[in-house]
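Here the structure is laid out as structure tokens; the discussion comes afterwards.
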Amino acid sequence: MNKLHDFLALLPALFLLSALCCGCRSRKQGEETGIESRYMRLLHALVTDDTPALRREQHYVTDTLPPDTLLAFPHRYDYMRVWADSYILYDAVMKAEKPEVATTLASERFCTDMKRLAARLIGAGGQRCAEEMLRPVAECLSGHGMSDAAAVTAAACMGIDADPAHPGDIARRLLTRLLLVGKRAPCLSRTVPSVSSGPTLLLFYETDCPGCESVLRDLCGFYATLKGIGIRVVSIASDEDEHTFSSRAASLPWATKLHDSRGFRSPDFEAYGVAFTPTLVLVNPDGRVVGSYSTLEETGLLP
């Protein structure tokens, strides 16, 4: 992807936003909130090639911007996308003669700052807060072809420190998991009722996993409640041993109990970005992924 071309395509919109900002200040001085002002400063620094100002605004988001203020900001997702773009596009313009160098430097600088931001978001609002605010960042990076930086971002949402040069399989699965939210649920490889045909709770588990056993007990205990509100349960075990799977699955009250001895290399585990067990995936009535969770309580389905 030609990042210089992308940047030039953005210039009219960015200049318009900057002009609107100046007009707003001249007409209604004092009405603009602090976060709006910082957002516009970031835009202005980006379009005017003001490197010192750009780094100040990048560091403001990284180290100072209060997470609750960011969460309450109506344009928070745009702000986060522009923040990510400010690393990628600025370096691409400044070093257009060596785009591969620019991309590497931008990725390293971005990942260093993003990990600090992710830690602050997790500390303030937990994993869900980090995922909500960094999902548009990962989408932005993926759109620019920076899949490694996007994978590092997804891992940081879970408090995992991935290497930008070699993110690894876990980080890449977590990226798949992060970007699935809001998307159509992937079809399962087995012949079962379509995941998109109604509200579904998928469980990826391993029988001998203590955490998985805890989730299985919860699901068994609340299965009648879930069935009563129309939630279908589908489980997929990664057990290598058929007997181990069968002996435990026989006591599970739901109908669709699948087994794949390929474990984490199963197409279904990969399609849903399953990096660890247990993983619960909630699919809404429209067939779109709501989120991935470690416990039944986190899904919000229980009274």
Side-chain angles (χ1 to χ4, degrees), residues 1-4 6 55 58-59 61-63 80-81 83-92 94-123 126-181 183 186 204 206 209 211 238 260 262-279 281 289 291-292 294:
M1 180 177 290
N2 188 329
K3 296 182 179 63
L4 177 58
D6 293 342
R55 289 302 286 159
Q58 289 173 338
H59 286 156
V61 173
T62 300
D63 300 315
M80 296 308 297
R81 290 187 186 98
W83 176 72
D85 274 336
S86 71
Y87 292 84
I88 304 161
L89 300 178
Y90 181 78
D91 277 0
M94 293 298 96
K95 301 171 183 177
E97 70 280 5
K98 293 183 178 180
E100 69 285 352
V101 175
T103 298
T104 299
L105 292 175
S107 179
E108 291 175 354
R109 182 183 299 162
F110 164 80
C111 288
T112 297
D113 290 356
M114 178 276 301
K115 288 178 182 181
R116 297 204 307 274
L117 173 60
R120 287 205 306 122
L121 291 171
I122 292 173
Q127 174 190 325
R128 297 301 162 194
C129 174
E131 288 181 344
E132 179 181 353
M133 298 319 308
L134 293 179
R135 183 175 294 109
V137 170
E139 291 172 343
C140 176
L141 295 166
S142 296
H144 286 299
M146 298 179 66
S147 59
D148 285 351
V152 173
T153 300
C157 292
M158 303 286 290
I160 298 173
D161 184 8
D163 181 356
H166 305 284
D169 183 61
I170 289 179
R172 297 191 189 285
R173 285 175 183 262
L174 292 175
L175 176 61
T176 298
R177 173 185 182 275
L178 182 68
L179 297 185
L180 265 182
V181 174
K183 305 294 194 306
F204 296 89
E206 185 175 9
C209 157
S238 62
D260 196 323
R262 290 170 291 185
F264 283 86
R265 295 303 172 189
S266 157
D268 296 327
F269 275 66
E270 292 182 346
Y272 280 88
V274 179
F276 47 80
T277 55
T279 290
V281 180
V289 174
S292 296
S294 298

**Fill in**
Nearest heavy-atom approach of Met133 to Val137 is O-CG2, 4.0 Å

**Request:** Evaluate the side-chain proximity of Phe110 to Trp83: yes if any heavy-atom separation is below 4.5 Å, no if none is.
**Result:** yes

**Item:** Cys111 side chain reached by Asp148 side chain, heavy atoms, under 4.5 Å
**Value:** no

**Asked** Say you draw a straight line from CG of Asp113 to CZ of Arg55; how long is it, rounded to the nearest 0.5 Å?
**Response** 5.0 Å

**Asked** So do the side chains of Phe269 and Arg173 get within less than 4.5 Å of each other, counting heavy atoms only?
**Response** yes

**Complete:** Taken to the nearest 0.5 Å, the spacing of Glu132 CD from Leu121 CG works out to 10.0 Å

**Asked** If you look at every heavy atom in Ser292 and Arg128, which pair is closest and at what distance?
**Response** O-NH2, 2.6 Å

**Prompt:** Quick one: CG on Asp85 to CZ on Arg81, what's the gap to the nearest 0.5 Å?
**Reply:** 9.5 Å

**Prompt:** Looking at Met80 and Leu134, what are the two nearest heavy atoms and their distance?
**Reply:** CE-CD2, 4.1 Å

**Request:** Decide yes or no for Ser238 and Ser266: does some side-chain heavy atom of the first lie under 4.5 Å from some side-chain heavy atom of the second?
**Result:** no

**Least distance between heavy atoms, Ala118 atom then Ala130 atom** = O-CB, 4.4 Å

**Prompt:** Any side-chain heavy-atom pair from Leu180 and Pro186 closer than 4.5 angstrom?
**Reply:** yes

**Asked** In terms of ring plane angle, is the pair Tyr272 and Phe204 parallel, tilted or perpendicular, where the classes change at 30° and 60°?
**Response** tilted

**Item:** SB check Glu131 Arg177 (cutoff 4.0 Å)
**Value:** yes

**Message:** With heavy-atom distances below 4.5 Å as the criterion, would you say the side chains of Thr176 and Glu270 are in contact?
**Reply:** no

**Complete:** Separation between CG (Leu175) and CD (Glu139), nearest 0.5 Å, reads 9.5 Å

**Prompt:** Can you check whether Leu174 reaches Cys157 side chain to side chain, under 4.5 Å on heavy atoms?
**Reply:** no

**Message:** With a sphere of 6.0 Å drawn around CD1 of Ile170, does it hold more than 12 non-hydrogen atoms of other residues, nucleotides or ligands?
**Reply:** no

**Message:** Show the nearest heavy-atom pair for residues Phe276 and Ser294, with the distance to one decimal.
**Reply:** CE1-OG, 3.9 Å

**Sidechain N-carboxylate O distance under 4.0 Å for Asp169, Arg172** = no

**Asked** Arg135 versus Leu178: any side-chain heavy-atom pair under 4.5 Å?
**Response** yes

**Request:** Determine the minimum heavy-atom distance between Val152 and Ala162, stating which atoms define it.
**Result:** CG1-O, 3.9 Å

**Fill in**
Interatomic distance, CZ@Arg265 vs CG@Asp260, rounded to 0.5 Å, equals 12.5 Å

